[in-house]
Amino acid sequence: MNKIADAIRRMAQSGKQTVSMVCTVDVVDKDARTIDCTPIDDGAPLLGVNLQANQDSKWGVVIYPRVGSYVVVGFVADGNAGVVLMTDDIESIEVVVSD
């Protein structure tokens, strides 16, 4: 348990900041498993935001938000990558447990 706490502490002190943003969904691309969305603070639109952690994966759980719904987008890798963390309205859910 102590090793986990140390690892979290090192990541937090690395100087890289994780930021989240509330947006509204403009487009859902089920083939790419991404969305385009607009921040509610009228910032620049975010394009190709991931709906799952591993975009190359063909299995797992993917939640597709409804167009017009609110989502929380989290940013990692110095803000170069975003992933949907939460949504307030779900159009559908895809669950694939194996090939």
Side-chain angles (χ1 to χ4, degrees):
M1 185 67 148
N2 205 13
K3 289 183 181 183
I4 294 171
D6 289 341
I8 292 170
R9 193 172 298 110
R10 282 194 304 275
M11 288 185 337
Q13 294 173 347
S14 68
K16 294 181 180 168
Q17 196 173 29
T18 302
V19 179
S20 61
M21 181 179 293
V22 177
C23 302
T24 55
V25 177
D26 302 319
V27 176
V28 176
D29 184 339
K30 289 187 176 183
D31 292 329
R33 296 180 175 167
T34 62
I35 65 164
D36 296 346
C37 59
T38 301
I40 63 169
D41 68 359
D42 294 326
L46 306 175
L47 307 176
V49 177
N50 296 337
L51 290 173
Q52 68 183 109
N54 182 354
Q55 288 304 104
D56 294 328
S57 179
K58 299 300 179 205
W59 53 83
V61 177
V62 182
I63 298 173
Y64 296 101
R66 190 174 311 281
V67 171
S69 66
Y70 291 102
V71 292
V72 175
V73 176
F75 296 95
V76 294
D78 294 330
N80 293 324
V83 65
V84 173
L85 303 174
M86 293 185 279
T87 183
D88 75 331
D89 193 3
I90 297 170
E91 178 183 314
S92 63
I93 299 174
E94 180 180 307
V95 179
V96 179
V97 293
S98 68
D99 290 333

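Just so it is clear, the values below take in all heavy atoms, side chains as well, and ignore hydrogens, waters and symmetry mates. A quick note: this is a predicted structure, and the numbers were derived from the prediction, not measured.
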Subject >> Atom of C23, atom of V73 and distance for their closest heavy-atom approach >> reply: SG-CG2, 4.1 Å
Original post:
What pair of heavy atoms forms the shortest contact from D29 to D31, and how long is it?
Top reply: OD1-N, 3.1 Å
Subject >> Of all pairs that satisfy salt bridge (charged side-chain N to carboxylate O under 4.0 Å, His left out), the ones with a partner from residues 44-54, not counting sequence neighbours >> reply: none
**OP:** Identify the residue among V96, V97, V95 that makes a side-chain contact (heavy atoms from CB on, under 4.5 Å) with V61.
**Re:** V95
Subject >> Minimum heavy-atom distance Q52-W59, with the two atoms named >> reply: NE2-O, 3.8 Å
Subject >> Minimum-distance pair of heavy atoms, taken over all atoms of P65 and T87 >> reply: CB-OG1, 3.3 Å
Donor-acceptor pairs under 3.5 angstrom involving side-chain atoms of residues 35-45: please list them, not counting sequence neighbours.
from	atom 1	to	atom 2	distance (Å)
D36	OD1	G48	N	2.9
T38	OG1	D26	OD2	2.6
D41	OD1	G43	N	2.9

Original post:
With D89, which residues qualify under salt bridge (Lys or Arg N to Asp or Glu O under 4.0 Å), at least two apart?
Top reply: R66
Original post:
Members other than V27 in its cluster, when Ile, Leu, Val, Met, Phe, Trp, Tyr link by side-chain heavy atoms under 4.5 Å?
Top reply: none
Subject >> Residues which pass side chain to side chain donor-acceptor pair (under 3.5 Å) with S57, listed by chain and number, not counting sequence neighbours >> reply: none
Original post:
Cluster question for you: counting only ILVMFWY and a side-chain heavy-atom cut-off of under 4.5 Å, with indirect links fine, are V84 and Y70 together?
Top reply: no
Original post:
Mind checking what makes side chain to side chain donor-acceptor pair (under 3.5 Å) contact with E94, not counting sequence neighbours?
Top reply: R33, Y64
Original post:
Looking at D88 and S69, what are the two nearest heavy atoms and their distance?
Top reply: OD1-CB, 3.2 Å
Subject >> side-chain contact (heavy atoms from CB on, under 4.5 Å) partner of L51, the single match among V83, V62, T34 >> reply: V62
